Each structure stands twice: as structure tokens, then as C-alpha cells.
Protein chains: 2
Amino acid sequence: MMNADMNTASQILDVAERTMRQAGYNAVSYRDIAGEVGIKSASLHYHFPKKEDLGTALVRRYAEKFRQNLIENIGEQNKSQNKIAAFVLNYRQALEAQGLICLCAVLGAEVFGLPASVTAEVKVFFETNLDWLTAQYEEMNKAHPEDHAKTTLALLEGAMIVSAVNSDMTIFDSAANLILADCK
Amino acid sequence: MMNADMNTASQILDVAERTMRQAGYNAVSYRDIAGEVGIKSASLHYHFPKKEDLGTALVRRYAEKFRQNLIENIGEQNKSQNKIAAFVLNYRQALEAQGLICLCAVLGAEVFGLPASVTAEVKVFFETNLDWLTAQYEEMNKAHPEDHAKTTLALLEGAMIVSAVNSDMTIFDSAANLILADCK
DNA sequence: GTCTATAATTTGATAGAC
DNA sequence: GTCTATCAAATTATAGAC
């Protein structure tokens with residue numbers, strides 16, 4: 001009986017993640033989440049006293065899932081080129097399979113209106129991504145690994161947004177191809 | 001006496017644009033806008049009956065301003081390389097001077113929660129950008145001008161978000177340099 | 001952990017006077 | 001064009017029973 005539905009907190013985060021990635025931080029209400037989970041909104045406050053707590057927990061879990069998924073996608077690969085490919089795939093799956101933009105792209109776009117603690121978690125996600133990418137480009141002996149890391153992350157986050165608005169996956173794929181071509 | 005403050009509608013749009021670019025569509029309220037403009041929220045409905053009307057008018061004006069600003073930045077230039085540089089500068093000025101992310105990046109991130117008419121205007125903005133960029137890359141005899149256009153737009157929109165979250169303009173500049181280097 | 005009940009505030013929106 | 005007055009609904013949040 002160890003299925004995911006046993007944990008109410010994780011169910012709350014599941015619903016919150018989907019709705020926030022669809023419509024942003026302010027579009028998500030305790031009442032709507034509670035309705036979908038099947039409890040009352042007052043009960044939500046037991047798990048996450050303030051909305052800010054829900055926001056930070058959400059981004060933290062998202063970052064951890066991203067990390068775990070990356071490890072899975074990398075599998076047995078040990079060449080940096082293939083690790084970058086796994087990284088790009090990580091983002092692509094989120095967009096195509098679930099039809100959702102990266103949580104941190106959505107929250108990042110609203111950055112000047114977010115609680116400071118939520119912004120801090122989004123920043124950690126981006127910095128972790130940049131550090132990891134920089135390490136890969138270093139291993140590939142690129143001249144300016146930090147620059148490569150910055151452009152790769154920006155490309156993926158931006159491509160998700162433009163792709164979603166225009167309902168056109170070829171935008172994401174152009175970005176992905178540019179990143180992969182640069183690794184050859 | 002032809003100053004901008006004469007037109008209440010444009011004052012409303014000024015405040016709405018700034019706050020939406022800071023915190024997203026749902027973070028902006030009629031009451032807050034009215035307070036800053038110095039009128040009552042009921043009066044706002046005279047100019048924009050529904051919030052959806054305000055949203056569409058906002059994106060339409062933003063797209064037009066972007067177009068006008070691009071023409072100014074291009075100036076006497078007639079080489080496509082320099083036109084692309086003006087395009088990049090257009091985005092950079094928004095971020096650095098005003099400290100704000102592109103309106104359409106912010107709204108685009110919330111795309112699955114926006115009124116359909118607002119989404120449509122954001123899509124027009126992106127498509128216009130893509131068409132213009134494609135024309136420039138065609139003139140430069142690039143092999144796949146549409147791909148170049150897609151990656152350039154995605155890079156700029158994504159770079160604004162990551163730069164803003166990390167309070168680090170070098171992220172935007174890495175993206176800008178990649179675009180400009182590709183034009184040489 | 002979840003509930004009922006409730007509070008204080010904010011939201012988009014309308015009617016009608018001036 | 002802007003105002004007052006008003007509305008119904010939604011928001012985050014708390015107190016206290018079970």
C-alpha cells in the first residue's frame with residue numbers, strides 16, 4: 001500500500017504544481033487545490049500554513065525531481081555530450097508529455113511579485129542548473145563554459161514559453177538542436 | 001500641453017504594464033491600478049470594461065511600441081546584421097533601463113491560465129518577431145532562417161527571466177553575444 | 001489530520017447620480 | 001468621465017471541535 005496517494009502533502013503538491021505551471025503563482029488558490037484533492041481548504045493549512053510555505057516546498061520538490069530524473073536519463077552515459085542530451089530531454093519531456101512549462105520559468109517570469117523565500121528557491125534551481133552545465137562544458141573543453149551554460153539554460157526556458165504560446169514544438173526542437181549541435 | 005498624462009487610458013496602461021511585467025496577469029487589480037492613477041476603480045471599467053479588454057489592449061500597445069522602438073534603434077542601418085543588433089538592444093533596454101522582463105515572456109509563462117483573447121495577442125507578438133527575424137536571417141543567407149529566428153527569440157525571452165531571477169545581467173549578455181557572434 | 005465556522009480583505013463588476 | 005454605493009464571489013487565514 002505504498003502508493004503515492006497515501007501522502008496528502010504530496011497530493012497537494014501535485015495539484016499545486018500542475019496549476020501553477022499552467023497559470024502562475026497567484027492563479028492557484030487553497031480552495032481549488034483542496035477541491036481537487038478532496039479535502040477542505042482549512043486542512044491545507046495544516047500541511048502548509050502559509051501559501052509561501054507551499055510555494056517553497058513546491059520548488060524544492062521540483063528541483064529534487066528534476067535532479068533524480070536527470071540521473072535516470074543519463075543512465076550509463078559518461079560522455080558530457082550525452083549528459084547534455086539527457087538534460088535537454090529532461091526539459092523536453094516536461095513540455096511534451098505533460099504539456100507544461102518548467103515551474104521555474106513560470107515563477108521566474110513573476111519574480112518581482114513573488115515572496116522572497118520562493119524567489120530564493122527558484123534562484124537555487126537555476127544556479128544548480130548552471131553549475132551542472134558549466135561542469136559539462138568544462139569537461140568538453142569549451143572555451144567559455146559558463147557562457148555555454150547560461151545560453152543553454154536561457155534557450156531551454158525561453159523555448160518552452162514560446163513553444164507553448166504558439167502551440168509549436170518545432171520552436172523547442174530548434175533550441176534543442178542548437179544545443180546538441182554545439183556539443184559535436 | 002500635449003503631454004502623456006492627458007490621456008487617462010494610456011496612464012492606466014502604463015501602470016498595468018509595469019505591474020503585470022513585475023508579477024503577472026493575476027497579480028494586477030483594478031483597485032491598485034486606479035489608486036496609482038488617482039481615480040476610482042469603477043472609472044477604470046469605463047475605459048476597459050473587462051480585465052480581458054485591458055489585457056488585450058496592453059499587449060497590442062506593447063507590440064506597437066516594440067515595433068516603433070525597433071525602427072528607431074535601426075536608424076540608418078540597412079545591413080541585416082545591424083538590424084539584429086538593434087533587435088537585441090530593444091530587449092536589453094527593457095531589462096536594464098526599467099528592470100523589467102518582456103511583457104510577453106511574463107504572460108506567455110502563464111499561457112494556460114490566460115483569457116483566450118490575451119493569449120492570441122501574445123501569439124501575434126511572437127509570430128511578428130519570428131517573421132521579422134526570419135526575414136533578416138534570409139537576407140544574411142543563413143541555411144535555415146526559421147530555425148535561427150526561433151532560437152534567437154527563445155534565447156532573449158529565456159535570458160531575461162534567468163537574468164532577472166539571478167540578478168545577473170551577464171546571463172542576458174551571454175545570450176546577446178551568442179546571437180551577435182552568429183551574425184558575423 | 002480533517003472538519004465546521006468564521007473572519008477580514010480583496011476581487012472584478014454594475015447601477016445610477018453628477 | 002468620474003463619482004458613490006453596492007454586490008457576489010473569492011482570497012488567505014485562524015480558532016476550536018472531533
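Note: hydrogens, waters and symmetry copies are ignored here, and every other heavy atom, side chains too, is used. Below, chains carry the letters A, B, ... as their sequence lines are ordered, and counting in each starts from 1. The shown structure was predicted, so the numbers you read here are calculated from the model rather than taken from an experiment.
- In this structure, the side-chain hydrogen bond (donor to acceptor under 3.5 Å, both in side chains) partners of B:Asp173, at least two apart in sequence or on a different chain, are B:Arg92.
- Residue B:Thr8 places none of its side-chain N or O atoms closer than 4.0 Å to OP1 or OP2 of D:dG1.
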Would you mind writing out the side-chain donor-acceptor pairs for residues 149-161 of chain A within the sub-3.5 Å range, not counting sequence neighbours?
unit_1	atom_1	unit_2	atom_2	d
A:Lys150	NZ	B:Thr170	OG1	2.7
A:Thr151	OG1	A:Asp147	O	3.1
A:Thr151	OG1	A:His148	O	3.1
A:Thr152	OG1	A:Tyr137	OH	2.7
A:Thr152	OG1	A:His148	O	2.9
A:Glu157	OE2	A:Tyr91	OH	3.1

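- Using a 30° and 60° split on the angle between ring planes, B:Phe66 and B:Phe87 fall in the perpendicular class, above 60°.
- Contact annotation: B:Tyr46 side-chain N/O to D:dG1 OP1/OP2 distance is under 4.0 Å.
- Of the side-chain N and O atoms in A:Ser29, one or more sit less than 4.0 angstrom from OP1 or OP2 of D:dT11.
- Applying the salt bridge (Lys or Arg N to Asp or Glu O under 4.0 Å) test to A:Glu64 and every residue at least two apart in sequence or in another chain returns A:Arg67.
- The distance from atom CZ of B:Arg31 to atom P of D:dA10 is 19 Å, rounded to the nearest whole Å.
- Mapping B:Ile39 and A:Ala27 onto DNA chain D via the closest heavy atom, the residue that lands nearer the 5' end is B:Ile39.
- Between the NZ atom of B:Lys40 and the C1' atom of D:dC3 there is a distance of 9 Å, given to the nearest Å.
- Shown here are the side-chain hydrogen bond (donor to acceptor under 3.5 Å, both in side chains) partners of B:Glu146, two or more places apart in sequence or in another chain: there are none.
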Indicate every side-chain donor-acceptor pair of residues 98-114 of chain A with a distance under 3.5 Å to a residue at least two apart or in another chain.
unit_1	atom_1	unit_2	atom_2	d
A:Gln98	OE1	A:Arg21	NH1	3.4
A:Glu110	OE1	A:Tyr25	N	3.0

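- When rounded to the nearest whole Å, the span between CG of A:Asp32 and C1' of D:dA10 equals 9 Å.
- B:Val37 comes within contact range of no nucleotide atom at all, as no heavy-atom separation falls under 4.0 Å.
- Separating the CD1 atom of B:Ile33 from the C1' atom of C:dT10 is a distance of 14 Å, rounded to the nearest angstrom.
- Distance B:Asn26 CG to D:dA10 C1': 12 Å, rounded to the nearest Å.
- Listed for the A:Asn73 side chain is no donor-acceptor partner under 3.5 Å among the backbone atoms of A:Leu70.
- If you measure from atom NE2 of A:His47 to atom P of D:dT12, you get 17 Å, rounded to the nearest angstrom.
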Practice task
Take nucleotides 13-18 of chain D nucleotide by nucleotide from the 5' end and write B, S or -, depending on whether a protein heavy atom sits under 4.0 Å from the base, only from the sugar-phosphate, or from neither.
Solution key: BB----
